[in-house]
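Here's the structure we're looking at; comments come further down.
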Amino acid sequence: MAQIRFDVLTLFPEMFHGFLSTSIIRKAHEKGLIETNVTNFRQFATDKHQTVDDTPYGGGGGMVLKPQPLFDAVDHLLQDAVKRPPILLMSPQGAPFTQKKAEELAGHSHLMFLCGHYEGFDERIRQNLVTEEISVGDFVLTGGELPAMVIIDSVSRLIPGVLGNHDSAAMDSFSNGLLEYPHYTRPSEFRGMEVPDILLSGHHANMEKWRREQSLKRTWTRRPDLLKSAPLTEEDRKFLRMLEQRKRSE
Ligand code: 4H7
């Protein structure tokens, strides 16, 4: 049995085909570690035009997703489920998605994603079907499909066996609370642009120190907010005080 099953409810299942059949996510399926089931909830509409949306009560423009097709789709998908999974609604009004949330979701064996288009969902879907509303960032998209793929991707790579040992999830940015240090590969000089000498020195301790300082400097410059919660050593703090001092004396 797969470690985790993702059910996706969308009007545009084809948006998921490329994503699910590429690279690491494809391999995770092939290894039987993850299972994905994408359903077009239009098939649960009951009229001959397969209507899933309607005009809003109270007037105004735009269309609203009707409750019935989504409630019926969820009932159908969960008819044999022993336990109700978290039912996630992707929306700009949701709680911000973070690495911590990805780790929490990766602890479940089943997740369900509701992806909407149009102006939005009938509020009864939010209140009586959805267990969590999530936003992947402060911007507006035409639908919830890309956010669902973002979440499926970030959760899948946390499932044991999905990543190779080399790019294991414990190794990356955010697991240490800092941004990543710069990476270089051969050649040591390309169009006059050189690789920092220290990385060519072969001196392991110095290279590690350089990488740590580069991570700290990058985080300090680009995302100082992350420094408040990152686990820092006394040596890290000393380096950050040096950066502050250097800035003040500029
Ligand atoms: C729910 C409600 C997620 C979903 C409204 C979804 C950004 C994010 C959507 C809407 C999303 C995110 C419908 C509001 C289209 C905007 C033009 C789908 N956008 N939409 N309107 N940040 N859009 O996670």
Side-chain angles (χ1 to χ4, degrees), residues 4 6-20 22 25 34 36-45 49-78 84-108 110-158 173-174 179 222-223 225-226:
I4 190 163
F6 303 109
D7 279 323
V8 179
L9 288 169
T10 172
L11 295 172
F12 303 97
E14 45 314 337
M15 283 185 74
F16 289 83
H17 295 166
F19 167 62
L20 294 174
T22 304
I25 300 300
I34 69 173
T36 314
N37 174 47
V38 183
T39 302
N40 188 341
F41 61 87
R42 190 180 293 282
Q43 72 186 78
F44 293 89
H49 295 108
Q50 297 211 285
T51 310
V52 292
D53 59 343
D54 204 343
T55 54
Y57 277 121
M63 298 297 271
V64 175
L65 283 170
K66 292 155 62 72
Q68 175 272 322
L70 272 166
F71 272 79
D72 283 354
V74 170
D75 284 350
H76 174 80
L77 288 169
L78 296 182
R84 269 180 103 74
I87 302 178
L88 313 176
L89 177 67
M90 309 303 108
S91 119
Q93 293 144 72
F97 185 60
T98 58
Q99 189 62 26
K100 183 163 164 261
K101 178 53 84 178
E103 282 160 19
E104 181 200 313
L105 294 175
H108 290 270
H110 189 184
L111 298 172
M112 190 175 270
F113 296 85
L114 307 188
C115 310
H117 276 249
Y118 310 108
E119 293 308 302
F121 294 82
D122 184 288
E123 192 63 17
R124 291 166 290 190
I125 295 168
R126 272 203 179 81
Q127 289 184 336
N128 300 290
L129 195 57
V130 167
T131 61
E132 259 180 277
E133 200 165 337
I134 301 181
S135 164
V136 298
D138 290 339
F139 42 79
V140 177
L141 300 166
T142 58
E145 285 77 8
L146 288 166
M149 287 185 245
V150 166
I151 294 172
I152 292 169
D153 192 280
S154 66
V155 169
S156 294
R157 64 189 291 290
L158 297 175
S173 188
F174 288 110
L179 301 185
R222 301 182 187 184
R223 293 292 307 277
D225 57 302
L226 295 178

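Ligands are counted one by one from 1 in listed order, and the atoms in each one are counted from 1 as well. When reading the values below, keep in mind they use all heavy atoms of this one structure, side chains included, and skip hydrogens, waters and symmetry mates. Source: prediction; values computed, not measured.
- In summary, the atoms of ligand 1 found under 4.0 Å from a heavy atom of V136, numbered by their order in the structure, are 12 (C), 22 (N), 24 (O).
- If you number the atoms of ligand 1 from 1 as listed, the ones under 4.0 Å from a heavy atom of S135 come out as 12 (C), 22 (N), 24 (O).
- Side-chain atoms of M112 and L78, non-hydrogen and from C-beta on, do get closer than 4.5 Å to each other.
- For the atom pair CG (L146) and CD1 (I151), the distance works out to 11.5 Å, reported to the nearest 0.5 Å.
- Around the CG atom of D138, the shell of radius 6.0 Å holds no more than 12 heavy atoms that belong to other residues, nucleotides or ligands.
- Those atoms of ligand 1 with a heavy atom of F139 less than 4.0 angstrom away are 7 (C), 22 (N).
- With ring centers used as reference points, F12 lies under 6.0 Å from H117.
- At a 4.0 Å heavy-atom cut-off, ligand 1 touches F121 through the side chain alone.
- Taking OG1 from T39 and CG from L70, the interatomic distance works out to 11.0 Å, rounded to the nearest 0.5 Å.
- At the shortest separation from atom 16 (C) of ligand 1 among protein heavy atoms lies V140 CG1, 3.3 Å.
- Salt bridge present: R126 and E123 bring a charged side-chain N and a carboxylate O closer than 4.0 Å.
- To the nearest 0.5 Å, the span separating OG1 on T10 from CZ on F16 amounts to 5.0 Å.
- By the criterion of a heavy-atom distance under 4.0 Å, the side chain of P147, and not its backbone, is placed next to ligand 1.
- Near G116, the atoms of ligand 1 lying under 4.0 angstrom from a non-hydrogen atom of the residue are 18 (C).
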Please evaluate residues V64 and D54 with respect to the criterion side chain to side chain contact (heavy atoms under 4.5 Å, CB included), reporting the C-alpha separation (whole Å), side-chain torsions for both, the decisive distance (0.1 Å), and the verdict.
CA-CA 5 Å; V64 175; D54 204 343; over 6 Å; no

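- Protein heavy atom closest to atom 21 (N) of ligand 1, with residue, atom name and distance, is Y118 O, 3.9 Å.
- Within a 6.0 Å radius of OH in Y57, other residues, nucleotides and ligands contribute 12 heavy atoms or fewer.
- Of the protein's non-hydrogen atoms, the one nearest atom 10 (C) of ligand 1 is P92 CD, 4.1 Å.
- Among protein heavy atoms, atom 23 (N) of ligand 1 sits closest to L141 O, 3.0 Å.
- For ligand 1, the atoms closer than 4.0 angstrom to any heavy atom of E119 are 5 (C).
- Given atom 4 (C) of ligand 1, the protein heavy atom at minimum distance is M90 O, 3.2 Å.
- Of the options G137, S91, G62, the smallest heavy-atom separation from atom 2 (C) of ligand 1 is shown by S91.
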